[in-house]
Structures are given as structure tokens and as C-alpha cells.
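Quick notes on the structure that follows.
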Amino acid sequence: MALDIWNTIEVELLPNSAGPSVTVSGEGAGELQAGPENLVYRSMEFLYHELGQTMPPVSVSCKNEIPLARGLGSSAAAISGGLAAANALSGGEFSSRDLLEMAATIEGHPDNVAAAVMGGLQLVVTEESTLYTVPVSIPAEIHAVLFIPEVRIATADARAVLPQQLSVPDAVHNMARVALLVAGMATNHPEYLEVATQDKLHQPYRQPLFPAMKLLMKAARDAGALGAFLSGSGSTVLALTKGREMTVAYEMAEAARQTAVEGTVKVTQPTSLGAHLLS
Ligand SMILES: Nc1ncnc2c1ncn2[C@@H]1O[C@H](COP(=O)(O)OP(=O)(O)OP(=O)(O)O)[C@@H](O)[C@H]1O
Ligand SMILES: N[C@@H](CCO)C(=O)O
């Protein structure tokens, strides 16, 4: 699901003799690569490679609002933004579907890039080399309240703690809830989210990486959130709400304070927009 938090990328064509330049401000400043190794720049080059062309010299300026390694899809945003910028610069030959396939190849999986490229809530299934994407509508007035911890969790680490085998009852538990989640969203029954966001497949195993997760989810649900869960592979805890956003935000912050967990609370909402041109 795409959220209304944005990285902005400015691209300027340079004279032919100039070398590439990448600057980063905001999230990841002083940490992300400020050169052609930067993922935004590499994604732009990827698109030019698909076109069979060499990318012209450009300067790329990234202003980032999406925190890194918190389960908020920062790398997916970097990839989809780079691809959208390069597509515009090169004449816009590729469709959003093409961009999604490129983005999934660069990211290695389509989980986050589907929403980052297409916007909205996207169901995505990979079958061999084919990606099936289905947009799912989101009930009106749904908001997302985020607790974004200081602590980071690398996706690879969050995947390494998952078991290699699952019990049939646990698999059935989650499969039924995925169906309920999609049906609840598509048929405007946000109240199904309470049950639909329960999980037995990843959160229990990931909890040791961020022990406060359970408490934060409980605080959000007790304060009136429709459902609360780990965003992506963590560390952010995401609560979906319909009303009571400020109460949920306050109670999550309070639960964090009581357990001495550093982080920030943010109230945002889903957006139907994916990576797009501003001018
Ligand atoms: N905004 C960005 N600009 C350029 N490169 C980025 C950006 N965000 C992430 N990356 C690159 O992607 C790599 C992997 O990102 P990482 O998985 O840590 O973050 P993430 O995408 O926020 O993760 P998550 O899956 O938790 O949302 C980083 O080491 C960095 O090289
Ligand atoms: N959905 C993935 C994370 C995608 O970044 C996971 O839970 O491992």
C-alpha cells in the first residue's frame, strides 16, 4: 500500500563533458552513496540500458522523507523514482507495467515496488517470470498511524529469522486472513481489519528483533485502531485507523515512552499515486 510520504528527485541534464553528480538531503544524507553507485542513479541507468542507449550526463538531487530500513520501502521509492525520472528524460517510451517489471528486477522482489510504481493498494503475485498485479480499492477515510523506531531492521536480517517450515494450521490462519483483508478492503468493510491483520507467519518470529512491537500494536488497537501490524519487515509499526488518529498516535508514543523505545510517530494516509512527475 502506497503511503503519502515522498522522496523528491530533481534531475538536470549536464553538458556532455560533465561527469555525473548525485546529492542526498533529508533521510540517508551523509550515508547513502553520493555518486553513480546511488540506487536512484543506478535505476536510471538500468532504464537506459533497456532502451539500448547510454544515459546522458545528469546531476541528480534526492530530497528524502522516507526513513531507511524501517519497513517503509525506501529502496522501492528510490528505484521507482529513478525509473520514472529516466523514463521522462528519455521520452516516456515505457508503460507503468514495464517500469514495474524493471523495478521488481532491480529490487529482487515485487512486494514494495508494486505500490511505489502504481500507487494505491496492490496485490502482486509472481508466477515464474510473470507478475500479476491487481489494484484493490481502499475504504474512504482510512489513515495510517506509524511508529517509526530509531532502531533499524535490515530486510535480510528480518528474513533470516523466519522458519523454513510452517505448520498447516498457521498457514491456513494467514491464508484465510489475507482473503478477509482483500475482501474487507474491496467491499468497504474496514471493520474486518481487526481480524484480517492478525498474523502467525512472521511477526512472532521477528518480535525478538524489536521486542516493543507487540506492546505498540496493543496500544494502537486499544486506542481504537482498526488493525496494527509490522510494516514490511519492520521496524515500523503501522496502525490503520478510521477516526481517532491522534489518540492512536498519542497512545503509541506513550507506550514507546514507557518502554524507553526511541522513535517518532507520524499520521499519514494511503495515496492512489505512485512515482510521478512533478514538472
Ligand atoms: N532513498 C534511497 N536512495 C538511494 N538508495 C537507497 C535509498 N533507500 C535505500 N537505498 C539503498 O537500498 C539499500 C537497501 O535499503 P534497505 O533495505 O536498507 O532499506 P528499505 O528499502 O528502507 O528497507 P525496507 O524493506 O525495510 O523498507 C540501502 O543500503 C541503500 O543502498
Ligand atoms: N514483505 C517483505 C519485506 C519487503 O521489504 C518481508 O516481510 O520480508
Side-chain angles (χ1 to χ4, degrees), residues 1-3 5-11 20-46 58-86 103-117 121-126 131 144 146-164 166 174 177-178 181 197 199-207 209-210 213 229-238 263 266 268 275:
M1 184 165 72
L3 295 178
I5 313 173
W6 299 93
N7 289 351
T8 307
I9 300 165
E10 267 180 49
V11 179
S21 119
V22 179
T23 56
V24 178
S25 62
E27 298 291 336
E31 172 183 359
L32 289 169
Q33 299 92 332
E37 312 80 37
N38 185 285
L39 186 57
V40 173
Y41 188 90
R42 284 196 284 119
S43 303
M44 294 181 70
E45 278 190 320
F46 187 100
V58 288
S59 86
V60 179
S61 157
C62 303
K63 298 183 177 72
N64 296 337
E65 276 184 27
I66 305 173
L68 268 74
R70 308 304 210 297
L72 291 171
S74 168
S75 53
I79 293 166
S80 51
L83 290 174
T105 303
I106 300 169
E107 176 88 321
H109 61 84
D111 299 9
N112 299 334
V113 290
V117 172
L121 175 61
Q122 300 288 335
L123 200 161
V124 58
V125 172
T126 313
L131 283 184
L146 310 176
F147 182 82
I148 308 171
E150 285 284 304
V151 66
R152 298 177 175 206
I153 299 181
T155 304
D157 294 344
R159 289 191 168 179
V161 296
L162 299 180
Q164 291 307 303
L166 298 164
N174 269 53
R177 279 157 184 75
V178 169
L181 176 75
T197 55
D199 162 73
K200 287 193 177 182
L201 296 193
H202 76 117
Q203 290 175 176
Y205 303 102
R206 287 171 164 171
Q207 202 197 324
L209 298 177
F210 179 46
M213 138 193 340
F229 46 88
L230 206 55
S231 179
S233 54
S235 54
T236 296
V237 173
L238 197 165
K266 195 174 180 80
T268 184

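Every number for a ligand or one of its atoms is a count from 1 in the order of the listing. Every heavy atom of this structure was used, including side-chain atoms; hydrogens, water molecules and symmetry mates were not.
When atom types are taken as modelled, the side chain of Gln203 and the backbone of Phe229 share no donor-acceptor pair closer than 3.5 angstrom. Between the side chain of Arg70 and the backbone N or O of Glu150, at least one donor-acceptor pair lies under 3.5 Å.
Counting heavy atoms closer than 4.0 Å to ligand 1, residue Glu27 contributes nothing at all. When heavy-atom distances to ligand 1 are checked against a 4.0 Å cut-off, Asn7 comes that close only through its side chain, counted from C-beta outward. Under 4.0 angstrom from ligand 1, the non-hydrogen atoms of Asn38 all belong to its side chain.
The shell of residues lying under 4.0 angstrom from ligand 2, judged by heavy atoms, excludes Ala158.
Listed by number with element, the atoms of ligand 2 under 4.0 Å from a non-hydrogen atom of Gly232 are 7 (O). Atoms of ligand 2 lying under 4.0 Å from any heavy atom of His109, numbered from 1 in the order shown and given with element: 4 (C), 5 (O). Counting the atoms of ligand 1 from 1 in the order shown, those under 4.0 Å from a heavy atom of Leu68 are 22 (O). Within ligand 1, counting atoms from 1 as listed, the ones closer than 4.0 Å to a heavy atom of Thr155 are 17 (O), 23 (O), 24 (P), 25 (O), 26 (O). Against a heavy-atom cut-off of under 4.0 Å, Gly71 is close to the following atoms of ligand 1: 24 (P), 26 (O), 27 (O). Every atom of ligand 1 is numbered from 1 in the order shown, and the set under 4.0 Å from a heavy atom of Asn64 is 1 (N). Every atom of ligand 1 is numbered from 1 in the order shown, and the set under 4.0 Å from a heavy atom of Ala78 is 1 (N), 2 (C), 3 (N), 4 (C), 7 (C).
Closest protein heavy atom to atom 19 (O) of ligand 1: Ala69 N, 3.4 Å. Considering only non-hydrogen protein atoms, atom 7 (O) of ligand 2 sits nearest to Arg206 NH1, 2.9 Å. For atom 11 (C) of ligand 1, the nearest non-hydrogen atom of the protein is Leu39 CD2, 3.7 Å. Looking only at heavy atoms of the protein, atom 27 (O) of ligand 1 is closest to Gly73 N, 2.6 Å. With respect to atom 8 (N) of ligand 1, the closest heavy atom belonging to the protein is Ser74 OG, 2.5 Å. The nearest heavy-atom contact from the protein to atom 5 (O) of ligand 2 is Asn112 ND2, 2.9 Å. Distance from atom 21 (O) of ligand 1 to its nearest protein heavy atom, with residue and atom name: Ser75 OG, 2.5 Å.
Some N or O of Leu72 is nearer than 3.5 Å to an N or O of ligand 1, by distance alone. Inclusion of Asp111 in the set of residues having an N or O under 3.5 Å from an N or O of ligand 2 is warranted. Residue Arg159 places at least one N or O, backbone or side chain, under 3.5 Å from an N or O of ligand 2.
The side-chain heavy atoms of Asp199 and Arg177, taken from C-beta on, include no pair separated by under 4.5 Å. Between Gln33 and Val22, every side-chain heavy-atom pair lies at or beyond the 4.5 Å cut-off.
How far NE2 of His109 is from CZ of Arg159: 4.5 Å, rounded to the nearest 0.5 Å. Rounded to the nearest 0.5 Å, atoms OG1 (Thr23) and CG (Leu32) are 11.5 Å apart.
There is a protein heavy atom less than 4.0 angstrom from atom 30 (C) of ligand 1. Distance check for atom 5 (N) of ligand 1: a protein heavy atom is found below 4.0 Å.
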